[in-house]
Structures are given as structure tokens and as C-alpha cells.
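Only one structure is covered here, and it is reproduced in the block below.
Below, chains carry the letters A, B, ... as their sequence lines are ordered, and counting in each starts from 1. Bear in mind the structure is a predicted one, so any value in this text is a computation, not a measurement.
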Amino acid sequence: MISFRDEVVAEAGVKLLVHTNQEGVAAGANPFSTGISEYTRIMKTVALRQALDEHAFDAAIGGSRRDEEKSRAKERIFSVRDEGHKWDPRNQRPELWRTYNTRLAPGQTMRVFPLSDWTEIDIWRYILQENIEVNPLYFAKERPTVKRGEQLIMVDDDRYPLLPGEKPKMAKVRFRTLGCYPLTAAVESSATSIPEIVEEVFSVKLSERATRLIDGAAEDSMEKKKTEGYF
Amino acid sequence: MERSIIRLLTCGSVDDGKSTLIGRLLVETDSIPHDTIDSTRNIRRSGSTIAAGEIDFSLLTDGLEAEREQGITIDVAYRSMSLLDGKRLIISDAPGHEQYTRNMVVAASRADIALVLVDATKGVRTQTLRHLTICSLMEISRVIVAINKLDAMNYSQSVFEEIRGNVQTALTRMHLDDVLFIPLSALAGDNVVQGSANMGWYEGQTLLESIQDWRPAEAIDASARMRIQLISRAENFRGVSGTVHRGSFTVGDEVKIFPSNQSATIAKIITYKKEIQSAHDSEAVTLLLEPEVDATRGDLIAASKEELHPSDRFNADIVWLHEDPLIHSRSYLLIAGSSQTPATVTRIRHKIDFNSGSQNSATNLGVNEIGSVEIATDAPLTLLPYLQSREFGNFILVDRLSFRTVGAGMIRHSLRRGENVVSQKYEVNKAARALQKNQKAQVIWLTGLSGSGKSTIANGVEKRLHALGMHPYVLDGDNLRMGLNSDLGFTPEDRAENVRRISEVAKVLVDAGLIVLVAVISPFEADRQRARSLFDEGEFLEVYVDTPVEVCVDRDPKGLYKKASKGEIPNFTGIGQNYEVPKNPDLHLKGDADLDENIEKVMKHLF
């Protein structure tokens, strides 16, 4: 994922800013013993808040879509964050027509979701139409995996703690959504090209974020994360 | 004209079977992930009679109702489904109760079709009329009245006809042209996606068919328009960027830019990747114009044959979205497309009663209320009647301090004052007049509680300036209320108008080259900000006369505090009404300090 990102950056000729929550690293936060909710909070939510503050950005653009998840369905396209990047879903600005209020009061910032009304299939059809290069992890390939509950976790290096005597099995899998490792599971698939993915997304009837481990922690877990400043 | 996305608004409550209806529509068009469907087979609401293992359709879309019960966010929920002909349907679901009118208006603002549910066991209710009124106001292209739960009424044709008759009577006072009536049962699945064997007397479309065969009314051959979002500049390059609305622009087309009414020819059309010959509806492009006209963000480009009339006065309907009421004479920010202009509601003509459709007189608009108003903008705007164009006929009002969206408006028509009243340019100007008097024309705005000492300080400063041979003039709030403002009271609306008039008079006097001292309570920050916005940088000095209320009560030069504390004066600042303390006054005076010291401080600011 990182090398793909760097290639895109190099090709576009843009400046990339990378931020890691060093306090989290120093405290030894990791997805295995810290607990996935807390790890996500420290290394994603807090890290994002730190980065936005450090560079004093007024707005951050994200790719979230309303079809992904219930609380995201409530998001505005221009979504205001109060001081401390807090989202207050009860107190959002009404958004009518295509007339957007982009003004910010002191201390406020904004998250912008231009793809709000797109769906997963729209994304793949657009990628196909515009011939956009995507991360190879989206394509099915034989990969070493282990099963945790219903989820298939890819194990291709020694970061993942295996159970005693457990050996990863080879399976033809791809990722429908790419979150942080190892909190995103793979799905079994044979789609090795974009047309095949379009075909698969069209026929597979499972919700996309079903493979995001952090979403399921509680029914309202996304709304909770978002009020704290998660994307 | 075909459109690949259709937007549907659903009006009604769970009691009408709304969730079940949408749930069935989604499942029978295979629009719901199977893991989600399966999750409804085993969860049951208390009191549910649906057998375990069966799908409870209502659980698929119950987001909003569940939220209401649990006390979490009530909002608009959006769901996406694929129609059988490959089009996309976006369903926006808003709660139907009166206190959620604004949510419904938000959902209605982009809807093409509204689905209004009527429970056949209950007939037409007040809520149904409110929903239809909103659909009419928001110009929803097609309304489908779904008369549901006919399974519980023996699929009776006469029940259906009676309800249809009642709705049609109500429709006569609305302007909805395309209204369809469908008898159905969401629970049993009659006339939703599948036809009905139980209602042989009905020969019309199913719900899905009536959604699928809708087509937008706007003609594809209409001439194109584009609002400028960005002026793209680079070395030897200046283009205007935006999204084309209806029709198309082609290289060589003659266009006009509004409100300036300049003409130009399209020399080139550029997209992200390449140069193109023609740009069509919904395409985001940059136009190179020949000659390079002076255009700015928010301007409108249209085919030169289009007759558009920019104006700064409009009649509009406004839906109020915020808990703090709309105050006429207060300045708000009006956002229409990519333009932002200060604007004032100059008159509230009447309020609309949703339930009966009647018009009632009003002096303000509270949250969830709809009113017909007159609005004045600081600069001319190119807006069209909402009835002609939703895209160019809508606007929002934004509070100038909190930047919250507080109102949504639909232009009814423009009052063509903008083009009839042209400001006259005179050759002797403000600077020349002030120079002759050997002074800098400006306004010193003293704000503070009644009895804080504003008039006394103004009087002292005027005497000093006069003695120095200068030309000051005092505008005193109390004195002006005996003449110019004698028709105004002390409600927030009237205070806003009071301050507006005084600031306009001060502006005239500053233009005449005078040093104007204004002494008026002016308790509201928004009104003071608007006053400031009339003047150039450095011309407006806000002086906060900060006197503890006890001192004011003690002084009570006009005996007003005594009366107010007895309840004889409602809306008395400091007792019945708040005084909003200036956040960043140019000068902060302690009203209980020595008078000469205070006068000296003001004088220092003047020289």
C-alpha cells in the first residue's frame, strides 16, 4: 500500500505529508495487544487530528460514501468539525439543493466528501472508464491467510501473531476495502482484472465494510469514532 | 431526456408502513446485501407478529425511527438502489412529524419524485396535507400517493377511491401537475414491484414502474448556463471554470456574462485532460473567452440569446431552519450557487400554514416555519424563479457570526429595482468634502446599556470638536425615535431596523464629510456588524461604553429602569432583553470613569 502510494505521489508530482502519532508509538500501541478500538483511536483518529492541527488545514477531503455505513449516510458533503475536530451529528448544518455553505467560524474545520452519493459499483465503473491504476491488493491472488471467526486475515510477514501450531493457508483472495493492517480482512475472489471486479461487485451481495473489523465492535461504533474526529 | 440517477423522497411514518414499503422495494430489486437481509430474519421488535426466519422488511430501513426511540441523531438517511432498467435510485428518508419539517425540506430539495404514504385504515390525515404542501412548495416533479394497507381493508376499491377523492380536493390549492395514485400493500407485496392479484380493478402501474418511467421535464435542447466557480489564471492564461447546466456550450458560441451583461465568444473549452469542442450538461470545464471579460466567481454565463435580469430585490418563500427566529432588517449572508452576498429580509409578507395552506400575517419566522418575504441583496444577483429553475432559483441564508445555515429560500420573482435604480456618480466626493472641512469623515459608534453615558460622552466630544472648528454631528437614538424612527418599537426586529436606519443616515452624513457621533444602545452584535459593513476600513470606530448595570440603574436618568423592573417595559435591554457585549470594540470605555478622561480617549482616537 505504501509503495503504491509513493508511486502515485511521484507520478502526480505532489508534496506528500506523512504523520505518525509518535506518542502512540512510544507508548507501544499496536493492534494486537492494545485492542482494536483503542489502537484505531490512538493511531488513526488522534494522529489525524494532530496532523490537521500541525498544518492548520481548513478542510480535509475524504472518499467516504453514504452507502458504506449508517452514520456515514448522515454525513454532509461539506461537514463542519468543531474545535478539537469534533463531529456533532445532532447539530449539523442543513444541506439543501447543491447550494453549499463553506464558511467556517473561528476554531472550526471542515471535512469534505465529494463522493458521498457514489456507491461501490460506481467507483469500479469509473476506474474502468477512466483507466485508473489501482493498488494490486484489490486484485485476487494466491495469498497466505488465516481464519479468525468469519474473517480471512492475510499473513505475508511476521507481524501477525499466529496461534500455537497454526500455519497460514494459501487462498485466492482480494481486498474490497483497504484499511490498516491487520484490521481489514480479505475476501475469497477470482477477480484479477477491473472488469472482473465490476462483475463481482455487481453480483456479490455482501456489504462492503463487512470486512472492516473495527466497524462491528458496536452498532454505533462508527458514529462514536466520527464524533471523536475519525474520517 | 434520460437521467441515470433518480432521487426519491419518502414521506410518511413507520405507522403508515413506510419502512416495510421501502424495505420490500429494496429486497425485491435485489438492492440489499444478503448479509444485511439475513440479519433481519432473527431480530424482532417487541410486539412483532412476523414469524422467526422470515424477513422483517421494516428492519432494513428503520434507521431513523430507531434513532428517535434511542434518542440519537434524527436526520435524513440516504439509501441507494438499482432500478431494473439499470438506473440508480437514491432514496432520501426523513421523519414525517411536524417538528422535523426542516429535515423533510432538506430531503425534498433534491428529490425528483415524492412518495406520500397514506394508511388506508386511517385515511387522509393532517400529516398527509403537510407533506403535499411541502412537495408543492419545493417543486417536486412527480408525486406518488401510495395508499397502503389495503390488505387490511379487503382490497376495497371504494376505500381507495374515497381517499383519492380527498387528496384531490386538497391538491386543488397546490401546483402539483403530476400526481399518481397507487393502491398497495407493502406487507403483502401488492403493487410494489409485483402487480396484484387481489386488486383486479386497478389497471395502473406498480410503484416501481411509476418510479422507473419518470422523466425530467427540463428539455435537453434548452440553452446552456454555467455559474463561474473559479477564475483559472496562469501565465498568458485566463479561463472561467464551472459546471455546465443543461444544454451545451460549443467553441464559437456567443455568450453573455451576468450581472455585468458583457458579451464574449467561447474561444476554447478545456477539461482536466484535453481540449474539447463542446461541453454538455453536468460537465466540469474551463472556458476561454474572447475578449477576456471581467468576470468573477458567482457570475453566470449563458447563451447570448438568453434574456436574464439581474436584480437586488426579490420576492421569495423562506423555510426557517434555525431555533433563533428570522429577524427582518437583520443582515444575513445569502449563498446562491457560488455567489455570497449580504442580504436583508425587508418585509415578511405572511406565514404559510402547512396544514391548511392558509396565509397568516407574521412579524417573524420561527424554526420549521415557512413565510413569503421580500429580500434585498447588497449586490445584484442573477436568479430565476424557482418554478422555472430549481438550480438557479434557490438560495440559503447564513448567519454572519456563527456561519450556520439558518434559512432556505425559493425565489418567486425579482422586483426589478436593480436595473431601474442606478446610483448616480457625482464628481464632488466624500474625500473632497472632508478635505474642505479639514477633517477625516468618519463615524464614532457608541454602544452600551441605557443610562451608560453614551449621550453624555457624545455631547462632550461634539463640544470639543466644535470648539476646534471642526464639523461633528450627533445622531442620538432617543432623539431619532421621536421622528425618523417613531414607528419602531423595541422588539429585536424593530431594534435591527432602528440600527439599520441610523447607520444609513450616518453613512449619508459621513459622505457629506462630517464626523458623526452615534449614541444608540444597539444591543445586537449582528446589527452593529452590519452597520460597520456600510463603511470603509478605518471609517467606523466602535466604542463600547461599559457601565455596570447597577450604576445605570442608580443613574436611571429617564426613570426607565424603575418602570422596567415593574414589568412596565417589555424588551428593556438588560432586563427583558440581552445586551450582546462587543467582542472587539475599537475603544472600550469604563462608563463609571471620569467623563473628561473618557472624552479625551475618544479624541485621541480621532487624531
Side-chain angles (χ1 to χ4, degrees), chain A residues 65-78 80 82 87-108 110 114 116-122 125 130-131 150 176 201-211 216 219-220 223-224 226-227, chain B residues 5 7 30-37 63-64 66-67 70-82 88 90 93 102-103 105-110 138 243 273 319 321-322 333 335-338 340 390-391 393-410:
Chain A
R65 306 188 314 268
R66 285 171 175 157
D67 75 330
E68 284 179 80
E69 198 273 333
K70 264 189 196 170
S71 68
R72 292 202 154 151
K74 286 187 258 192
E75 264 291 6
R76 300 296 183 257
I77 292 176
F78 288 83
V80 175
D82 295 327
W87 185 50
D88 183 357
R90 284 166 195 255
N91 207 13
Q92 298 196 79
R93 290 177 183 174
E95 206 162 70
L96 295 99
W97 300 288
R98 282 187 286 183
T99 305
Y100 299 110
N101 176 1
T102 55
R103 302 294 294 258
L104 293 171
Q108 290 182 332
M110 195 167 261
S116 272
D117 284 341
W118 291 44
T119 62
E120 187 184 11
I121 188 93
D122 293 331
R125 282 182 177 152
E130 297 293 321
N131 198 17
E150 290 298 305
R176 266 179 97 181
V201 170
F202 198 68
S203 55
V204 171
K205 296 289 180 179
L206 276 184
S207 49
E208 180 188 9
R209 290 190 71 96
T211 54
E219 177 78 334
D220 59 348
E223 182 157 329
K224 219 176 267 168
K226 284 172 67 67
T227 54
Chain B
I5 295 177
R7 290 169 183 271
D30 205 8
S31 300
I32 297 239
H34 293 183
D35 54 335
T36 310
I37 297 178
L64 293 170
E67 284 164 11
Q70 295 161 26
I72 28 178
T73 327
I74 307 274
D75 209 283
V76 182
Y78 298 90
R79 280 178 198 86
S80 202
M81 67 174 258
S82 303
R88 164 84 38 75
I90 295 177
D93 184 15
R102 66 177 153 185
N103 303 64
V105 166
V106 168
S109 71
R110 291 195 71 185
M138 303 300 288
T243 300
K273 283 182 193 158
V319 183
L321 306 167
H322 199 261
L333 200 61
I335 300 182
S338 44
Q340 301 189 0
R390 267 177 147 186
E391 184 78 11
N394 80 70
F395 62 88
I396 58 172
L397 293 179
V398 171
D399 183 275
R400 296 186 67 173
L401 294 176
S402 68
F403 292 119
R404 291 195 64 93
T405 303
V406 290
M410 288 141 284

### Query
At what distance, to the nearest 0.5 angstrom, does OG1 of B:Thr405 lie from CZ of A:Arg76?
9.0 Å

#### Entry: Minimum heavy-atom distance A:Trp97-B:Arg110, with the two atoms named
O-CD, 3.3 Å

### Task
For the residue pair A:Leu96 and B:Leu321, establish whether any side-chain heavy-atom pair is separated by less than 4.5 Å.
yes

### Task
With a 4.5 angstrom heavy-atom cut-off, could you sort out which part of B:Val398 is near chain A: side chain, backbone, both or neither?
side chain

### Query
Are A:Asp122 and B:Arg88 close enough for a salt bridge, meaning some N to O gap below 4.0 Å?
yes

### Task
Could you look at A:Ile121 and say if it's the side chain, the backbone, both or neither that has a heavy atom under 4.5 Å from chain B?
side chain

### Task
Identify which part of A:Asp117 has an atom lying under 4.5 Å from any heavy atom of chain B, answering side chain, backbone, both or neither.
both

### Task
Nearest 0.5 Å please: distance from the CG atom of A:Asn101 over to the CD1 atom of B:Ile335.
4.5 Å

### Query
Are the side chain of A:Arg93 and the backbone of B:Phe403 linked by a donor-acceptor contact shorter than 3.5 Å?
yes

### Task
Under 4.5 Å, counting heavy-atom pairs only, tell me which of B:Leu333, B:Val105, B:Ile90, B:Ile396 racks up the most with chain A.
B:Ile396

### Task
Could you pull out all residues at least two apart from A:Tyr100 that satisfy ring pair (Phe, Tyr, Trp, His ring centres under 6.0 Å)?
A:Phe78

### Query
Is it the side chain or the backbone of B:Arg404 that comes within 4.5 Å of chain A heavy atoms, both, or neither?
both

### Query
Which region of B:Ser402, side chain (C-beta onward) or backbone (N, CA, C, O), has a non-hydrogen atom less than 4.5 Å from a non-hydrogen atom of chain A, or is it both or neither?
backbone

### Task
Of all the heavy-atom pairs spanning B:Val106 and A:Pro94, show the shortest one and how long it is.
CG2-CB, 3.7 Å

### Task
Name all residues meeting the side chain to side chain donor-acceptor pair (under 3.5 Å) criterion together with A:Ser116; count only those two or more places apart in sequence or in a different chain, and write none if there are none.
none

